[in-house]
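Remember, it's 1-based here, ligands and their atoms both numbered in the order they're listed. Note that the structure is predicted; figures quoted are calculated from it, not measured. The first residue in the sequence is number 1, and the count goes up from there.
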Amino acid sequence: MRIARFSIDGNVAFGAVEGSTAPGAEGELVLDIIKGIPFADFELSGVKVPLGKVRLLPPVLPNKVVAVGRNYAEHAAELGHSVVDDRGRLEPPITFFKPSTSVVGSGDPITYPSFSQDLHHEAELAVVIGRMCREVPKERVKDVILGYTCANDVTARDVQQREKQWARAKGFDSSCPLGPWIETDLDPADLTIQCTVNGEQRQLGRTSDMVRSIEDLVVHISEAMTLLPGDVILTGTPAGVGPLNVGDEVAVTIEGIGTLTNKVIKRG
Ligand code: MG
């Protein structure tokens, strides 16, 4: 099931997306409004609205977004890093937070930050947590995941390189586009992940190239902190990151999910 969050007539609701998501056919999509919330047992109301008549919102409002750095070896290499130490052992995963205020939905603008001159896109598969959990064993990870969506870990690369912690470089307002919806029936092990800017391909990878699996990441993160329903884990970006300029339209497409599209605007 594809679960979208949207606003209609000033109200916020969740809906199950019905219809084809083939490129160009998005106007045909319909939302069956959900009674309740997707983090508990819910029913479809049977009340349907065309997707084109609503404003899509971020599919969740996470309490926290936990992101993982250098989870694709080729991307680590393009920034001059390795995922293994000098004895060939895997480095521990890099984890960092993006605040809830960084989250925007598909169609929302990314505002170019005033303190950067080198904004980058990072297409990533996002894991949406479905239930409160901690110290999740590997074999239970599937039980705590509601589904998957597309993310863009938008990064002020120059700020990331000159500041030791990445809170500003990766946590500014609108630096975490998520969407367009959550796909709940998906095997995330080997999906194409792509980023285009103004229609031109910049990133193309497969989730099977992750250094750490989704299971390993959930185990690692939940060892340290309680994950809440709606929390999001960003799983790292494949090679091909590059600059975004004001006016660009950046799109992240993940096989089996859909496309997250955002335009970069100047700070007003
Ligand atoms: Mg990233």
Side-chain angles (χ1 to χ4, degrees), residues 58 60 62 64-83 90-104 106 110 112-113 116 118-129 148-179 188 191-197 201-214 216-218 220-221 231-244 248 250-254 257 259-262 264:
V60 281
K64 55 187 169 296
V65 176
V66 188
V68 177
R70 300 178 198 164
N71 202 31
Y72 289 78
E74 253 187 78
H75 165 64
E78 75 182 343
L79 295 183
H81 305 290
S82 174
V83 296
L90 268 186
E91 294 278 11
I94 294 174
T95 51
F96 57 96
F97 290 115
K98 291 172 85 82
S100 57
T101 42
S102 69
V103 173
V104 294
S106 191
I110 296 166
Y112 206 113
S116 171
D118 192 20
L119 198 62
H120 276 201
H121 53 81
E122 293 190 2
E124 309 205 3
L125 176 72
V127 178
V128 180
I129 298 296
Y148 304 90
T149 191
C150 307
N152 195 340
D153 175 20
V154 183
T155 300
R157 193 71 69 203
D158 48 350
V159 180
Q160 183 191 23
Q161 283 162 355
R162 70 175 180 249
E163 297 185 1
K164 284 195 173 119
Q165 301 257 338
W166 302 347
R168 291 190 345 132
K170 284 175 171 282
F172 59 88
D173 290 358
S174 75
S175 66
C176 191
L178 294 176
L191 304 173
T192 303
I193 177 165
Q194 183 191 41
C195 179
T196 64
V197 177
Q201 186 174 288
R202 294 279 189 86
Q203 295 182 268
L204 180 64
R206 298 200 72 82
T207 55
S208 50
D209 290 329
M210 284 184 197
V211 174
R212 308 269 180 179
S213 69
I214 288 168
D216 288 345
L217 295 177
V218 172
H220 183 73
I221 293 163
D231 278 353
V232 169
I233 296 173
L234 303 191
T235 55
T237 196
V241 299
L244 289 171
D248 284 348
V250 57
V252 175
T253 300
I254 300 178
I257 301 176
T259 300
L260 165 70
T261 306
N262 302 91
V264 183

As a test of reading the structure, name the N/O/S atom of Glu124 that is nearest the Mg ion (ligand 1). OE2
Does any part of the side chain of Gln203, heavy atoms only, come nearer than 4.5 Å to the side chain of Ile193, both counted from C-beta? no
Test item: His81 and Glu91 side chains (from C-beta on) under 4.5 Å apart, heavy atoms: no
Rounded to the nearest 0.5 Å, how far apart are CZ of Arg70 and CD1 of Ile94? 3.5 Å
Looking only at side-chain N and O atoms, does His121 offer a donor or acceptor that is under 3.5 Å from a partner on Arg202? yes
Could you tell me which N, O or S atom of Asp153 is nearest to the Mg ion (ligand 1)? OD2
Restricting to N/O/S, name the atom of Glu122 that gets closest to the Mg ion (ligand 1). OE1
